[in-house]
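Quick notes on the structure that follows.
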Amino acid sequence: MSNSNLTDLPYGKVLLIVPCHNEELRIRVDAFVAETPAYVDILFANDGSTDQTLKVLGKVIEKRPSFRVFSAPRNGGKAKVIQLAFLEAERLDWLKSYDWIGFWDADLATPLSEIENFLKYQKLFSPNSLALFGCRLSRYGAKIERSTLRHYLSRIFVTFTDFLLGIKAYDSQCGAKLFHRSIARQAFGESYISKWIFDLEIILRVGAENVLEIPVFNWMEIPGSKMRIGRESFRVLNDIFKIRSHYLPSSKRK
């Protein structure tokens, strides 16, 4: 990872963890090479892929030597591989080079251009916010391409998380998030209960008062998601109750 004088950068330096599991057909090599800002380094987190994901990542690394790959020995899910990659970066003492550490979906459903928008928005409107969450809010001036089914299911999900966990985020599950270095360990340092909705756990760990939701300008639903709505719905609901039990003892519940 490269070392830079952080004071020379208006928004600081960023390390993005990009989880990858069998993503050989979805990783946009040219986009990662050409569109990643100079102040952003990427740590690809290979989650036990069995296809040619590592070979594809190698092509990216050849063209952007400041990028790196962490490879987990077996598939553990998005939450686990992000945590393991963070701990590896911490062990190797990379994190001190960065102001912000975050994660981003490998399919670039959220374009890399949104990184600068996140940092500008935080600096202008909420400089004390330490956790920046992308928010897929359909509105004039934005291009949010999402299926109607997923949109309405997300609204049902939000209703449940508000009622059961007291989390009032409009869109906790967008796969684009940045965290200030001062709370990165709080967000990533411990294992998560859920493989899929660990974002809720992060909010409960770092505190809602530190979270800023930032409406993205562009987001496109990319075919091939590992999340199967019908099959996973009951698991997600069960995870919500597990999260509630773990993070919200009865004395703290609404």
Side-chain angles (χ1 to χ4, degrees), residues 1 15-28 32 41-58 60-61 67-95 98 101-110 131 133-134 157 161 165 172-179 183-206 222-247:
M1 296 289 177
L15 173 63
L16 280 189
I17 298 171
V18 176
C20 307
H21 175 65
N22 292 344
E23 300 279 5
E24 66 169 306
L25 300 179
R26 284 159 46 99
I27 296 175
R28 295 168 52 203
F32 275 108
D41 285 338
I42 292 179
L43 175 57
F44 292 101
N46 176 46
D47 188 20
S49 296
T50 56
D51 64 356
Q52 298 299 307
T53 292
L54 277 176
K55 184 177 180 180
V56 174
L57 293 178
V60 183
I61 303 303
F67 294 178
R68 300 204 182 201
V69 175
F70 165 80
S71 199
R74 63 185 66 85
N75 175 233
K78 179 179 178 180
K80 188 63 178 177
V81 79
I82 287 174
Q83 185 220 5
L84 290 176
F86 171 83
L87 292 176
E88 179 69 0
E90 184 179 60
R91 184 184 71 82
L92 295 173
D93 204 25
W94 292 340
L95 301 183
Y98 301 95
I101 296 100
F103 59 88
W104 217 261
D105 284 342
D107 59 14
L108 296 183
T110 308
F133 282 34
F157 176 79
T161 57
L165 301 176
S172 62
Q173 301 308 116
C174 181
K177 294 180 171 67
L178 298 177
F179 301 84
I183 63 164
R185 173 154 251 290
Q186 196 173 340
F188 300 116
E190 302 294 332
S191 295
Y192 302 103
I193 292 169
S194 176
K195 290 183 178 181
W196 296 111
I197 56 171
F198 67 100
D199 314 72
L200 299 176
E201 297 181 63
I202 290 177
I203 294 173
L204 294 171
R205 289 180 182 187
V206 304
I222 307 295
S225 170
K226 308 296 188 301
M227 182 69 167
R228 299 293 180 262
I229 296 174
R231 187 175 66 190
E232 301 294 345
S233 295
F234 290 106
R235 183 181 299 178
V236 166
L237 184 59
N238 186 50
D239 282 357
I240 291 175
F241 280 102
K242 287 182 178 178
I243 291 169
R244 173 182 166 94
S245 177
H246 180 80
Y247 291 94

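For the numbers below, each heavy atom of this structure counts, side chains included, while hydrogens, waters and symmetry mates do not.
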*asked:* So, using side chain to side chain donor-acceptor pair (under 3.5 Å) as the criterion, who are the partners of Thr161 when residues are at least two apart?
replied: none
*Do Asp47 and Pro19 come within less than 4.5 Å of each other through their side chains, counting heavy atoms only?*
no
*Output all residues satisfying side chain to side chain donor-acceptor pair (under 3.5 Å) with Glu90, sequence neighbours left out; order by chain, then residue number.*
Arg185
*asked:* Is there a side-chain contact between Leu178 and Leu16 in this structure, where contact means two heavy atoms from C-beta onward sitting under 4.5 Å apart?
replied: yes
_I want to check something: taking the side chain as every heavy atom from C-beta on, are Lys78 and Asp105 in contact at a cut-off of under 4.5 Å?_
yes
*asked:* Distance check, rounded to the nearest 0.5 Å: Arg28 atom CZ versus Leu108 atom CG?
replied: 5.5 Å
*When rounded to the nearest 0.5 angstrom, what distance separates CD in Glu23 from CD1 in Ile222?*
11.0 Å
_Would you say that Trp94 contacts Asp41 through its side chain, given a criterion of any heavy-atom pair below 4.5 Å between the two side chains?_
no
*Quick one: which residue pairs count as a salt bridge (Lys or Arg N to Asp or Glu O under 4.0 Å) with a foot in residues 187-199, not counting sequence neighbours?*
Lys177-Asp199
_Min side-chain heavy-atom separation Trp104-Ile42 under 4.5 Å_ = no
*To the nearest 0.5 Å, what is the distance between CD1 (Ile197) and OG (Ser172)?*
8.0 Å
*Nearest non-hydrogen partners of Leu57 and Ile27, listed with the distance*: CD2-CD1, 3.6 Å
*Where is the tightest heavy-atom contact between Trp196 and Arg235, given as atom of each residue plus distance?*
NE1-NH1, 4.0 Å
*What residues form a side chain to side chain donor-acceptor pair (under 3.5 Å) with Asn238, not counting sequence neighbours?*
none
*Is there a side-chain contact between Tyr247 and Leu165, using heavy atoms and a 4.5 Å cut-off?*
no
*If you look at every heavy atom in Cys20 and Val18, which pair is closest and at what distance?*
SG-O, 3.4 Å
*Which pair of heavy atoms, one from Cys174 and one from Gly134, lies closest together, and at what distance?*
CB-O, 3.1 Å
*With Tyr192, which residues qualify under ring-ring contact (aromatic ring centres under 6.0 Å, His included), at least two apart?*
Phe198
_Parallel, tilted or perpendicular, judged at 30° and 60°: which one describes the rings of Phe188 and Phe86?_
tilted
*Kindly say whether Ile193 contributes a backbone atom to a donor-acceptor pair with the side chain of Glu201 at under 3.5 angstrom?*
yes
_Please confirm whether the ring centroid of Phe67 lies under 6.0 Å from the ring centroid of Phe32._
no
*Does the side chain of His21 reach to within under 4.5 Å of the side chain of Thr53, using non-hydrogen atoms?*
no
*Hey, could you give me the CD/CG distance between Gln52 and Leu54, rounded to the nearest 0.5 Å?*
9.0 Å
*CG on Leu15 to CG on Leu95, rounded to 0.5 Å*: 6.5 Å
*Close side-chain approach of Leu200 to Ser194, heavy-atom, < 4.5 Å*: no
_From Leu92 atom CG to Phe70 atom CZ, the distance as rounded to the nearest 0.5 Å_ = 10.0 Å
_Residues forming a side chain to side chain donor-acceptor pair (under 3.5 Å) with Ser49, sequence neighbours excluded_ = Asn46
*At their closest point, which heavy atom of Ser191 faces which heavy atom of Lys80, and how far apart are they?*
OG-NZ, 3.1 Å
